Amino acid sequence: MQYWLMKSEPGVYGIDDLAAAGVDYWDGVRNYQARNMMRDQMQVGDQAFFYHSNTKQPGIVGIMSIARAGYPDQTAWDPESEYYDPRSSPDNPRWYRVDVRYERHMARTITLAELKAHADRLEGLALLRKGNRLSIMPVTPDQWAFILSLEAAG
DNA sequence: GCCAACGTTGGC
DNA sequence: GCCAACGTTGGC
């Protein structure tokens with residue numbers, strides 16, 4: 001069982017959208033590090049925090065699970081898609097996606113500010129590294145448990 | 001809206 | 001292969 005944190009802008013796709021869908025694609029990722037994690041490492045049953053980025057109160061808003069391991073992101077082949085990338089093809093896919101299942105909302109948002117306040121306890125968490133722009137990142141079991149304890153403590 | 005950080009592109 | 005220019009991310 002592995003743990004992850006996945007960012008999305010709520011104005012584009014937020015936790016409520018996933019709650020409504022139940023299971024949905026996590027597509028449009030166009031970053032090689034993030035792609036490699038989806039393609040090579042994520043497994044069905046893994047758990048992930050849903051993080052709202054680029055919003056008034058950035059933070060962790062929910063929990064989802066991986067419902068399908070990495071497979072080619074066909075939005076890259078679709079000229080109509082905003083994620084179109086002519087360098088990707090069905091024969092030689094460049095980008096990957098996973099399917100995620102809604103598990104639950106957090107009882108309250110665990111804000112970035114709160115996570116930063118515990119930076120010593122969350123050492124190594126990519127989210128807290130300066131200038132971090134990675135949209136998908138691993139979370140250690142220890143970090144996962146600690147963040148869940150924050151939810152209960154708040 | 002600003003800007004720091006950093007990934008990507010493209011000229012050489 | 002280097003690196004400057006440029007575009008994007010994302011917090012504030």
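So you know, we letter chains A, B, ... as the sequences are listed, proteins then strands, and number each from 1. These figures come from a predicted structure and were not determined experimentally. Just so it is clear, the values below take in all heavy atoms, side chains as well, and ignore hydrogens, waters and symmetry mates.
An OP1 or OP2 oxygen of C:dT9 is reached within less than 4.0 angstrom by no side-chain nitrogen or oxygen of A:Lys7. Between A:Tyr51 and the phosphate of C:dG11, there is a side-chain N or O to OP1/OP2 separation shorter than 4.0 Å.
As judged by a 4.0 angstrom heavy-atom cut-off over every strand, A:Lys116 is placed among residues touching the sugar-phosphate backbone only. Among the atoms of the strands shown, only primed sugar atoms or phosphate atoms (P, OP1, OP2) are found under 4.0 Å from some heavy atom of A:Arg87.
Applying the ring pair (Phe, Tyr, Trp, His ring centres under 6.0 Å) criterion to A:Trp144, with sequence neighbours excluded, gives A:Tyr3, A:Phe49.
Distance, A:Leu115 CG to C:dC12 C1': 16 Å, rounded to whole Å. The distance from atom OH of A:Tyr13 to atom P of C:dG10 is 18 Å, rounded to the nearest whole Å.
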Would you give a per-nucleotide map of nucleotides 1-7 of chain B, 5' to 3', where B means the base has a protein non-hydrogen atom under 4.0 Å away, S means only the sugar-phosphate does, and - means neither?
----BB-

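A donor-acceptor pair shorter than 3.5 Å can be found between the side chains of A:Asp99 and A:Tyr71. One side chain, A:Ser88 or A:Trp77, offers a donor N or O that lies under 3.5 Å from an acceptor on the other. Side-chain contact annotation: A:Ser149 with A:Arg121, donor-acceptor N/O pair under 3.5 Å absent.
Using the six-membered ring where Trp is involved, A:Tyr32 and A:Trp95 have ring planes that are tilted, between 30° and 60° apart.
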Return all side-chain donor-acceptor pairs below 3.5 angstrom for residues 130-140 of chain A, not counting sequence neighbours, or 'none' if the list is empty.
unit_1: A:Asn132; atom_1: OD1; unit_2: A:Leu134; atom_2: N; d: 3.1
unit_1: A:Thr140; atom_1: OG1; unit_2: A:Gln143; atom_2: N; d: 3.0
unit_1: A:Thr140; atom_1: OG1; unit_2: A:Gln143; atom_2: OE1; d: 3.4

